[in-house]
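Please read the structure below before turning to the comments.
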Protein chains: 2
Amino acid sequence: MSKDLKEMEVLRQHLAKHQLKLTRQRELILTAFLRQEHVTAEVMYHQLAKKDPHLGLATIYRTLNLFCEAGIAQARHFGSQAQYDNISHKGHHDHLICTGCGTIVEFENCEIERLQEEVATKNGFVIQTHRLELYGLCSRCRH
Amino acid sequence: MSKDLKEMEVLRQHLAKHQLKLTRQRELILTAFLRQEHVTAEVMYHQLAKKDPHLGLATIYRTLNLFCEAGIAQARHFGSQAQYDNISHKGHHDHLICTGCGTIVEFENCEIERLQEEVATKNGFVIQTHRLELYGLCSRCRH
DNA sequence: TATCATCTTGAGACGGCTTATCAATTTCAA
DNA sequence: TTGAAATTGATAAGCCGTCTCAAGATGATA
Ligand SMILES: [Mn+2]
Ligand SMILES: [Mn+2]
Ligand SMILES: [Zn+2]
Ligand SMILES: [Zn+2]
């Protein structure tokens, strides 16, 4: 998969720039991470237990945070657990969350993004990041 | 202050409807809460320690959550601690947060709100609440 | 106004999530 | 190959918010 190789290269560059090392665990976690849209550290922990039963939860957290710094992942705090989004494949996006069943729908809306910039400019701000989450009931849960 | 009285009335109605009681603590916390745009439970705890050194932190949390149910406050989760916004005076609003100095600017943008509804409808959702936070640098912090 | 079922409070225990600690291990530049 | 530096895994610690429960307050009722 050439995409995985691309991300691996991004990681490699980030590691080199910060005197960090490429470890077996980091490779393993990256590969698994790139297969999903968004995960929690806990979920990855259980997924990866099959491939490496000794991989520690702390390492998962550390590595996902590293991915955020490298620009491969983006952390969000839904409810109680942090969700790590794969932004390298899909780019920036926001979320609709069903409060009934927990379903998460990703969306992108350029017009909203543009208006956000407008609001920021009007207030003298330059936006670095933003978070937009819409909570509600999906069609199935409205019955 | 007629405004405080108005909110007190909203609270009174909510309490009546749910078989809850109006206590000295709830009055005290409401009065203090209405003087600010947004606070954390911990901050209120310290502010109110002067007026009532025995007021418990759990009571502050319980009461702020009660205000949310009554429609007087709105909770958000900035960073690690929950912020409780006074929405009774200002109505619904979103936030611009300076990552440099921590300044919070409140704003309202009907067009964005409308587009949010549009996105939700397109995906079969009915929105209950939403959260929009723009993080960036204010003009002062850009130097 | 007195009664008393019900609600509320305060103090601290508890729990979930994430980070810190640290000795043992691994990486990688030299 | 060597060794300084980074990383790991196990687990302790920390933080925030809720839960627990006995003591106290409230307010509908008589
Ligand atoms: Mn967005
Ligand atoms: Mn809004
Ligand atoms: Zn649903
Ligand atoms: Zn600033």
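Every chain is numbered from 1 and lettered A, B, ... according to where its sequence line falls, protein lines coming before strand lines.
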[N] phosphate, OP1 or OP2, under 4.0 Å from [X] side-chain N/O:
| X | N | value |
| --- | --- | --- |
| B/S80 | D/dC15 | no |
| B/N65 | D/dT18 | yes |
| A/H54 | D/dA10 | yes |
| A/Y61 | C/dT19 | no |
| B/R26 | C/dT8 | yes |

(message) Do A/T99 and B/Q128 pair up side chain to side chain, a donor and an acceptor below 3.5 Å, judged on atom types alone?
(response) yes
(message) Is it true that A/H92 and A/E113 share a donor-acceptor pair across their side chains at a distance under 3.5 Å?
(response) yes
(request) For B/L57, report the nucleic acid contact type (base, sugar-phosphate, nothing); a contact means any heavy atom under 4.0 Å. (result) nothing
(message) Taking any heavy-atom pair under 4.0 Å as a contact, classify A/A41: base, sugar-phosphate, or nothing.
(response) nothing
Nearest-Å distance for atom pair [atom1]/[atom2], residues [X] and [N]:
| X | N | atom1 | atom2 | answer |
| --- | --- | --- | --- | --- |
| A/H18 | D/dA6 | NE2 | C1' | 15 Å |
| A/L20 | D/dA5 | CG | C1' | 11 Å |
| B/L28 | C/dT9 | CG | P | 11 Å |
| A/L15 | D/dA6 | CG | P | 13 Å |
| B/H77 | C/dT18 | NE2 | C1' | 15 Å |
| B/L64 | C/dT8 | CG | P | 15 Å |
| A/I29 | D/dG9 | CD1 | P | 8 Å |
| B/I60 | D/dC19 | CD1 | P | 17 Å |

(request) Determine whether any donor atom in the side chain of B/R62 lies under 3.5 Å from an acceptor atom in the base of C/dG10, or the reverse, and answer yes or no. (result) yes
(message) I'd like to know if A/K21 reaches the base of D/dA5 with its side chain such that a donor and an acceptor end up less than 3.5 angstrom apart.
(response) yes
(message) Using a strict threshold of under 4.0 Å (side-chain N to carboxylate O), is an ion pair present between A/E111 and A/R114?
(response) yes
(message) Does atom CZ (B/R140) have a neighbourhood of more than 12 heavy atoms from anything else shown, all under 6.0 Å?
(response) no
(request) Between A/T59 and A/Q19, just flag the one whose closest nucleotide in DNA chain D comes earlier from the 5' side. (result) A/Q19
(request) Could you check B/T23 against B/Q81 and say which one's nearest nucleotide on DNA chain D is further toward the 5' end? (result) B/Q81
(message) Under 6.0 Å between ring centres: does that hold for A/F67 and A/F33?
(response) yes
